[in-house]
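Note sheet for the following structure.
All of these numbers come straight from a predicted model, not from anything done at the bench.
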Amino acid sequence: MIREKRSRLKKIKRFFVGLLIFALVVAAAALVVIKVFTVEQVEVEGNELYPDSQIESWVLNDKYSSNTLYVYFKYKLFPVQSVPFIDTMEVSLSSPQTVHIQVYEKGMIGYIYMPTMGQNVYFDKDGFVVETSSNTIEGVPEVTGLTCQDATLYEKLELDQKGALKTLLTVTQTLKKYDLEPDGIDYGEQGQITVHYGGIIVKLGDTEELTEKVVRLQKIMPNLEGLSGTLHLEDWTEDTTDITFRIDEAAAEPEASPEVEPEESSEGEPEDAPETEPETPQEAERPNPQEAQPEMPQEGEPEAPQEDEPTAQE
């Protein structure tokens with residue numbers, strides 16, 4: 001009986017000792033997690049539409065988000081909240097104190113305003129609707145001249161103009177390839193494309209030989225910086241290589257007039273100039289009678305042949 005009691009006491013003692021050791025290990029681990037895995041730095045990558053601080057506030061959005069392990073396992077189990085114009089966000093740890101957020105934004109290449117919805121319909125390179133919003137995103141061109149009755153998120157954009165979507169996607173992707181994303185795109189009659197870059201209007205025409213036109217546009221655009229006018233590429237072909245640029249006179253005249261007026265007022269000579277200018281033509285008219293003086297010797301010219309005639313008789 002005594003031995004049995006002693007063995008039971010030993011087992012109970014061992015249990016409590018083991019429990020104590022386990023508790024100490026857990027406490028030590030918790031202390032390490034709390035003290036070591038604290039958020040000291042947040043790295044955000046892949047974002048263009050939203051600033052780093054905005055992305056950080058969406059991910060670290062509760063009172064426990066000061067711990068990196070908590071943040072990591074939280075977004076391993078649950079996705080990041082849905083954010084307009086962002087496809088997904090992946091959260092990882094670069095170090096025990098650093099949270100890394102990889103942002104994948106929706107690839108938008110243009111948008112169409114739909115009056116029936118009162119919103120902008122953004123579409124991707126394949127023509128699928130990726131977002132509908134009343135906000136306007138800088139760097140995404142607006143497409144005018146096209147109409148659409150309805151738009152469903154993540155479904156293909158259905159335009160009223162037959163074949164217009166294919167043309168539109170060809171133009172937008174080609175311009176993006178050569179880093180020539182415009183401010184706006186206008187789809188005209190018979191698929192005639194016009195793109196806008198600030199004060200520069202570029203008429204590309206149809207999509208025939210579009211790549212060659214865009215290549216030339218890429219070379220020409222640096223020379224048009226600061227100008228305003230229309231660049232005509234719609235009639236360009238390999239045989240007809242003429243490219244014309246017509247300056248917008250309405251925009252050019254206001255710039256030229258202020259330069260001329262201060263020069264005339266500052267010199268104070270415009271009043272003298274008109275007085276000297278009429279004098280010069282008068283002086284130019286006075287030599288006319290002098291030019292008439294040589295006509296006098298013409299009267300003596302008949303005398304010369306009279307002298308020659310007797311010599312001929314001799």
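For the pairing with Tyr122, the ring pair (Phe, Tyr, Trp, His ring centres under 6.0 Å) check across Tyr113, Phe128, Phe85, Tyr154 returns one residue only, Phe85.
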(request) Before giving the answer on side-chain contact (heavy atoms from CB on, under 4.5 Å), spell out for Thr132 and Met117 the whole-Å C-alpha distance, their side-chain angles and the decisive distance to 0.1 Å. (result) CA-CA 9 Å; Thr132 57; Met117 298 174 59; 4.1 Å; yes
(message) Set out, in order, the CA-CA distance, both residues' side-chain angles and the distance that settles side-chain contact (heavy atoms from CB on, under 4.5 Å) for Ser66 and Thr38, then state yes or no.
(response) CA-CA 6 Å; Ser66 59; Thr38 56; over 6 Å; no
(message) Walk me through whether Thr68 and Thr98 qualify under side-chain contact (heavy atoms from CB on, under 4.5 Å).
(response) CA-CA 7 Å; Thr68 55; Thr98 304; over 6 Å; no
(message) As a quick check of understanding, evaluate side-chain contact (heavy atoms from CB on, under 4.5 Å) for Tyr178 and Val215, giving each step before the final call.
(response) CA-CA 8 Å; Tyr178 291 93; Val215 168; 3.7 Å; yes
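Looking at Val121 and Phe123, their side chains never come closer than 4.5 Å, going by heavy atoms from C-beta outward. Within the 4.5 Å cutoff, no side-chain heavy atoms of Ile109 are placed close to those of Val140. Counting heavy atoms from C-beta outward, Val143 and Leu168 have side chains that approach closer than 4.5 Å. When side chains are defined from C-beta on, Val42 counts as touching Leu60, because their heavy atoms get closer than 4.5 Å. When side chains are defined from C-beta on, His100 does not count as touching Val91, because their heavy atoms never get closer than 4.5 Å. The side-chain heavy atoms of Thr88 and Val80, taken from C-beta on, include no pair separated by under 4.5 Å. In this structure, the side chains of Leu69 and Phe73 come closer than 4.5 Å at one or more pairs of heavy atoms. Here the side chains of Thr147 and Leu159 are not in contact, with every heavy-atom distance at 4.5 Å or above.
Within 6.0 Å of CD on Gln81 lie more than 12 heavy atoms contributed by other residues, nucleotides or ligands. Taking a 6.0 Å sphere around CD of Gln102, one finds it holds more than 12 heavy atoms contributed by other residues, nucleotides or ligands.
Ile243 and Ile201 sit in two unconnected hydrophobic clusters of ILVMFWY residues. Membership requires side-chain heavy atoms under 4.5 Å apart, directly or through other members. Taking hydrophobic clusters as Ile, Leu, Val, Met, Phe, Trp and Tyr residues chained together by side-chain heavy-atom distances below 4.5 Å, Leu93 shares a cluster with Tyr64. In the hydrophobic cluster analysis, where Ile, Leu, Val, Met, Phe, Trp and Tyr join through side-chain heavy atoms closer than 4.5 angstrom, Val171 is grouped together with Ile200.
Distance check, rounded to the nearest 0.5 Å: CD of Glu142 to CD1 of Ile137 gives 13.0 Å. Atom OG of residue Ser57 and atom OH of residue Tyr50 lie 11.0 Å apart, to the nearest 0.5 angstrom. Of the inter-residue distances, the one linking Leu233 atom CG with Phe245 atom CZ reads 11.5 Å to the nearest 0.5 angstrom. Between Gln41 atom CD and Glu56 atom CD the span is 10.0 Å, to the nearest 0.5 Å. Atom CG of Asp186 is separated from atom OG1 of Thr144 by 3.5 Å, given to the nearest 0.5 angstrom. The CD1 atom of Ile247 sits 11.0 Å away from the OG1 atom of Thr230 when rounded to the nearest 0.5 Å.
Asn67 and Lys74 are not linked by any side-chain donor-acceptor pair at a separation below 3.5 angstrom, with hydrogens and angles left out of the test. Defined by atom type and a distance below 3.5 Å, a donor-acceptor pair is missing between the side-chain atoms of Gln119 and Ser133. For the residue pair Ser94 and Glu43, a side-chain donor N or O sits within less than 3.5 Å of a side-chain acceptor on the partner. Using modelled atom types and a 3.5 Å distance limit, the side chains of Gln149 and Asp160 yield a donor-acceptor pair. Checked by atom type, the side-chain pair Asn135/Asn120 shows no donor-acceptor distance below 3.5 Å.
Residues Asp126 and Lys156 are not paired through a salt bridge, judged by the lack of any N-O separation under 4.0 Å between the basic side chain and the carboxylate.
By the side chain to side chain donor-acceptor pair (under 3.5 Å) test, Thr170 is found to be paired with no residue, residues two or more places apart in sequence or in another chain being considered.
The two residues Ile185 and Pro182 come nearest to each other via the heavy atoms CG1-CG, 3.7 Å. Residues Val71 and Ser65 share a closest heavy-atom pair of CG2-O, 3.5 Å. Residues Ala164 and Leu146 approach most closely at CB-CD2, 3.6 Å, considering heavy atoms. Between Met89 and Ile55, the shortest heavy-atom distance links the atoms SD-CG2, 3.8 Å. The shortest non-hydrogen separation linking Gly205 to Gln192 is CA-OE1, 3.1 Å. Asn47 approaches Val44 most closely through the heavy-atom pair OD1-CG1, 3.4 Å.
Of the possible polar contacts, none joining the Thr240 side chain to the Thr237 backbone as a donor-acceptor pair under 3.5 Å is found. Panel note: side chain Thr152, backbone Glu155; no donor-acceptor pair is recorded below 3.5 Å. A donor-acceptor distance shorter than 3.5 angstrom exists from the side chain of Thr172 to the backbone of Leu169, with no hydrogens or angles considered. Checked by atom type and distance alone, the side chain of Asp87 never pairs as donor or acceptor with a backbone atom of Glu105 at under 3.5 Å.
For the side-chain hydrogen bond (donor to acceptor under 3.5 Å, both in side chains) condition, no pair includes a residue of residues 193-222, sequence neighbours left out.
Grouped by direct or indirect side-chain proximity (heavy atoms under 4.5 Å, Ile/Leu/Val/Met/Phe/Trp/Tyr only), Tyr104 sits alone.
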